[in-house]
Amino acid sequence: MRIANLAGRLTLLTPSGAVDVERASAGRFGPNPTAVYAHWAEFTDWAKRAALPDGAAYDESDLGAAVPEPAQIFAIGLNYREHAMESGLDFPVEPPVFTKFRTSLAGPVGDLELPTDTVDWEAELVVVIGRTARNVSAGDAWDHVAGLTIGQDFSERTRQLVPPAPQFSLGKSFPGFSPVGPAVVTLDELADPSDLDLSCSIDGDKVQHSRTSGLIFSIPVLIERLSAVLPLLPGDLIFTGTPSGVGGGRTPKRFLRAGEEIVTRIEGLGELRQKCVPGQPHTTAAAS
Ligand code: ZN
């Protein structure tokens, strides 16, 4: 099952096109693309049995963030070995966690406004929580996952790394810095949800390429470690970290420029496409 947000409405993407859930369920499930995760078991049970109508054609530019109003967004740093090495940092013993504030969420296709000339890319697998998780062991963790989707953890490196204490959450939360989609894909659609090919290209030049089996902290371990501290709630997102190949890790460094198109792909999940455009200029005081 592929669950999307089409023009703000909960939608199933089927081989024949888009099916509006509120209409197909005669109102049993509302149109809110986030609220459905609080009724995940009931919803998947209905979706399995329902005789869905033929889908309608849709414009992909009408797709919004697959989960537009999660209660919490977690993002994990340094979760692939080569990326930790290119960042010049030690391998973590606990997952480094920050947030991407909710107003940075965006749909899977569209413009990315660049507030500075030091915006970087980070292709990431994103986990969507389907059942409240508190003190969940890694062995039980997949039972709490609704599905997987693609995310970009766009990062303004000057703000992110400003001394004396780095500002990961702010530097990664400019508007549009967190596109997610095109759909939440349920685990039954994937041959092995813990080993997916992931890549990022800029104007056709492949800058990142890895497999999600390379995660230092796997999805089950992340759910175990996070839920040991606080509850994970239905609809919450976990950005699981990016592999090597980011612009800030290169010599010389490379950052995004207006006119460039970033395509982020994960096997079985689809792709994101962002076109870089000039944004409202931003200056970090400590760096000016
Ligand atoms: Zn990241």
(message) Pair Lys275, Asp111 - check salt bridge (charged side-chain N to carboxylate O under 4.0 Å, His left out), show working.
(response) CA-CA 5 Å; Lys275 183 89 173 180; Asp111 289 345; over 6 Å; no

If you define the side chain from C-beta out and look only at heavy atoms, does anything of [X] sit under 4.5 Å from [Y]?
X      : Y      : answer
Phe101 : Ser169 : yes
Val109 : Leu63  : no
Phe177 : Leu112 : yes
Leu114 : Pro278 : no
Ile219 : Ser194 : no
Thr132 : Leu232 : no
Val128 : Tyr37  : yes
Trp142 : Val136 : no

Donor-acceptor pair, distance only, cut-off 3.5 Å: does the side chain of [X] make one with the backbone of [Y]?
X      : Y      : value
Thr242 : Glu124 : no
Thr186 : Met1   : yes
Ser16  : Gly55  : yes
Glu113 : Pro175 : no
Thr11  : Arg9   : yes

Which pair of heavy atoms, one from [X] and one from [Y], lies closest together, and at what distance?
X      : Y      : value
Ala24  : Pro53  : CB-CD, 4.0 Å
Trp121 : Cys200 : CD1-SG, 3.9 Å
Leu13  : Ala18  : CD2-CB, 4.2 Å
Ser210 : Pro243 : CB-CB, 3.5 Å
Leu10  : Gly30  : CD2-O, 3.9 Å
Pro68  : Pro33  : CD-CB, 3.8 Å

Is there a path from [X] to [Y] through hydrophobic residues (I, L, V, M, F, W, Y) whose side chains come within less than 4.5 Å of each other?
X      : Y      : answer
Val127 : Val184 : no
Leu215 : Phe239 : no
Ile238 : Val229 : yes
Val180 : Val67  : yes
Val36  : Val126 : yes

(message) Pair Ile262, Arg273 - check side-chain contact (heavy atoms from CB on, under 4.5 Å), show working.
(response) CA-CA 6 Å; Ile262 309 118; Arg273 286 204 317 280; over 6 Å; no

Check this for me, if you would: do [X] and [Y] make a salt bridge, where the nitrogen-to-carboxylate-oxygen distance has to be below 4.0 angstrom?
X      : Y      : value
Glu267 : Arg265 : no
Asp120 : Arg157 : yes
Glu260 : Arg254 : yes
Glu22  : Arg28  : no
Glu122 : Lys172 : yes

Any donor-acceptor N or O pair under 3.5 Å, side chains [X], [Y]:
X      : Y      : result
Thr264 : Gln152 : yes
Ser137 : Glu224 : no
Thr99  : Gln72  : no
Ser178 : Lys100 : yes

Within this structure, what is the [atom1]-[atom2] distance for the pair [X] and [Y], rounded to the nearest 0.5 Å?
X      : Y      : atom1 : atom2 : result
Thr103 : Glu69  : OG1   : CD    : 12.0 Å
Thr116 : Phe255 : OG1   : CZ    : 8.5 Å
Leu170 : Phe98  : CG    : CZ    : 12.0 Å
Asp236 : Ser227 : CG    : OG    : 11.5 Å
Thr44  : Ile3   : OG1   : CD1   : 8.5 Å
Asp140 : Arg131 : CG    : CZ    : 8.5 Å

(request) Would you verify whether the NZ or CZ of Arg225 falls within 45 degrees of the ring axis of Phe217 while also being under 6.0 Å from that six-membered ring's centre? (result)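 No, Arg225 and Phe217 do not form such a contact.
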
(request) Let me know which of Val185, Thr212, Leu148, Asp188 forms a side chain to side chain contact (heavy atoms under 4.5 Å, CB included) with Pro193. (result)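 Output: one option passes, namely Leu148.
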
(request) State which residue, out of Thr149, Ile150, Leu272, fulfils the side chain to side chain contact (heavy atoms under 4.5 Å, CB included) condition with Ile266. (result)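 Testing Ile266 for a side chain to side chain contact (heavy atoms under 4.5 Å, CB included) against Thr149, Ile150, Leu272 leaves exactly one candidate, Ile150.
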
(request) Decide yes or no on side-chain contact (heavy atoms from CB on, under 4.5 Å) for His83 and Val246, but give the supporting numbers first. (result) CA-CA 8 Å; His83 177 59; Val246 301; 3.8 Å; yes

(message) Applying side-chain contact (heavy atoms from CB on, under 4.5 Å) to Tyr80 and Ile216, what does each step give before you reach the verdict?
(response) CA-CA 6 Å; Tyr80 290 84; Ile216 296 173; 5.7 Å; no

(message) Is it the case that over 12 heavy atoms from other parts of the model lie below 6.0 angstrom from the CG atom of Asp90?
(response)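 No, not enclosed.
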
(message) The test is side-chain hydrogen bond (donor to acceptor under 3.5 Å, both in side chains); show your working for Thr158 and Thr118 and say whether it passes.
(response) CA-CA 7 Å; Thr158 306; Thr118 51; 2.8 Å; yes

(request) Check the pair Arg250, Glu86 against salt bridge (charged side-chain N to carboxylate O under 4.0 Å, His left out), reporting the backbone distance first and the verdict last. (result) CA-CA 8 Å; Arg250 290 162 186 262; Glu86 75 180 351; over 6 Å; no

(request) Quick one: do Trp46 and Ser25 satisfy side-chain contact (heavy atoms from CB on, under 4.5 Å)? Show the steps, please. (result) CA-CA 8 Å; Trp46 167 80; Ser25 70; 3.5 Å; yes

(request) Just do the ring pair (Phe, Tyr, Trp, His ring centres under 6.0 Å) check on Phe154 and Phe174 with the steps written out, would you? (result) CA-CA 9 Å; Phe154 288 121; Phe174 284 86; over 10 Å; no

